[in-house]
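These numbers come from a predicted model, not from an experiment.
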Amino acid sequence: MPVFLSVEGVTSRYERYADQITQLGRGINYNAHKACFAAAVYTQTTDVETEVNGLMTYDREVVKVFEDRIREANRKMIETNSVMTSIEDRRASAGTGTDTLYNIQGMRISQPVAGINILHYADGTTIKFIQK
């Protein structure tokens, strides 16, 4: 038997998850290093056949959330997680030991790894690059 949540319940749960994503976007400390969240996707905007976990009913006749509160929760997530860095102009450290390299999980590493790497320069700038 499916569990039905009220509009308030669904909206509150969405806001709670959005707040968690916002907090992760601001960064958490893990082993004395800052780790940040990379992405989040809500994949089911409408109910599908027998499933009822969409934001709208299958026929899109009923919106099952308070749209203004969802919009505000999304705005906070976007503002928190929209700091852009570049993946161009990859530079190697000059060996000064002041630049710091991180993997995509935000953990400090000593050498680039396959995939996305994040290089934080001593001057405060940060770039992302892909290592093959």
Side-chain angles (χ1 to χ4, degrees):
M1 180 175 200
V3 176
F4 294 98
L5 295 174
S6 67
V7 172
E8 176 61 37
V10 174
T11 303
S12 294
R13 183 172 290 176
Y14 189 100
E15 288 173 320
R16 185 175 68 232
Y17 292 146
D19 284 342
Q20 290 172 350
I21 292 167
T22 300
Q23 291 302 315
L24 288 170
R26 291 183 180 133
I28 58 172
N29 287 324
Y30 178 77
N31 288 339
H33 302 292
K34 185 176 180 181
C36 293
F37 188 79
V41 177
Y42 191 92
T43 60
Q44 196 155 326
T45 54
T46 62
D47 294 340
V48 178
E49 301 187 14
T50 60
E51 298 177 10
V52 292
N53 54 346
L55 299 176
M56 295 179 277
T57 57
Y58 184 77
D59 58 7
R60 294 173 176 80
E61 291 292 318
V62 177
V63 177
K64 301 187 317 185
V65 295
F66 293 115
E67 295 172 77
D68 56 335
R69 288 171 51 190
I70 298 299
R71 187 178 305 107
E72 177 61 20
N74 287 336
R75 185 194 59 74
K76 285 194 291 188
M77 283 191 295
I78 291 166
E79 286 178 1
T80 299
N81 296 298
S82 292
V83 176
M84 301 301 285
T85 58
S86 173
I87 61 171
E88 300 173 6
D89 189 30
R90 176 181 164 198
R91 298 178 285 168
S93 173
T96 62
T98 55
D99 297 338
T100 310
L101 186 63
Y102 297 92
N103 64 18
I104 194 64
Q105 289 82 24
M107 297 176 180
R108 187 177 294 181
I109 54 177
S110 59
Q111 298 288 332
V113 296
I116 299 174
N117 293 264
I118 303 163
L119 182 56
H120 180 75
Y121 292 105
D123 67 4
T125 60
T126 300
I127 66 164
K128 297 176 186 170
F129 65 91
I130 298 175
Q131 181 77 23
K132 292 185 179 188

Roughly how far apart are Asn74 CG and Glu67 CD, rounded to 0.5 Å? 11.5 Å

From CA spacing to verdict: side-chain contact (heavy atoms from CB on, under 4.5 Å), Val62, Met56: CA-CA 6 Å; Val62 177; Met56 295 179 277; over 6 Å; no

Supply the atom-to-atom distance Asn117 CG to Ile130 CD1, rounded to the nearest 0.5 angstrom. 9.5 Å

Should we count CD1 of Ile70 as having more than 12 external heavy atoms under 6.0 Å? yes

For the hydrophobic clusters of this structure (ILVMFWY residues joined by side-chain heavy atoms under 4.5 Å, transitively), does one cluster hold both Val113 and Phe129? yes

Indicate if Ile109 and Ile127 have the same hydrophobic cluster label, given that clusters are the connected sets of ILVMFWY residues with side-chain heavy-atom separations under 4.5 angstrom. yes

Let me confirm one number: the OG1-CZ distance from Thr11 to Arg13, rounded to the nearest 0.5 Å. 11.5 Å

Which distance, rounded to the nearest 0.5 Å, do you find between the CG of Leu55 and the OG1 of Thr46? 9.0 Å

If I take atom OH from residue Tyr121 and atom OG1 from residue Thr126, how far apart are they, to the nearest 0.5 angstrom? 9.5 Å

Taking side chain as C-beta onward, heavy atoms only, is Val7 less than 4.5 Å from Phe66? yes

Sort and list the pairs that fulfil salt bridge (Lys or Arg N to Asp or Glu O under 4.0 Å) and have at least one residue in residues 50-60, not counting sequence neighbours. none

Closer than 3.5 angstrom, by distance alone: can the side chain of Lys64 be matched with the main-chain N or O of Gly54 as a donor-acceptor pair? yes

Side chains of Pro112 and Leu101: does their closest heavy-atom pair fall under 4.5 Å? yes

What verdict does the side-chain contact (heavy atoms from CB on, under 4.5 Å) test give for Lys76 and Asp19, after you've listed the backbone C-alpha separation in whole Å, the side-chain angles of each residue and the deciding distance to 0.1 Å? CA-CA 8 Å; Lys76 285 194 291 188; Asp19 284 342; 3.5 Å; yes

Can you tell me how far the CZ atom of Arg16 sits from the CD atom of Gln20, to the nearest 0.5 Å? 6.5 Å

Going by the rule side chain to side chain contact (heavy atoms under 4.5 Å, CB included), which residues pair with Tyr58 if we only count those two or more places apart in sequence or in a different chain? Asp47, Glu49

Regarding Glu8 and Arg69, does a basic nitrogen lie under 4.0 Å from an acidic carboxylate oxygen? yes

Taking all heavy atoms of Tyr102 and all of His120, pick out the closest pair and write down the distance. CE1-CB, 4.1 Å

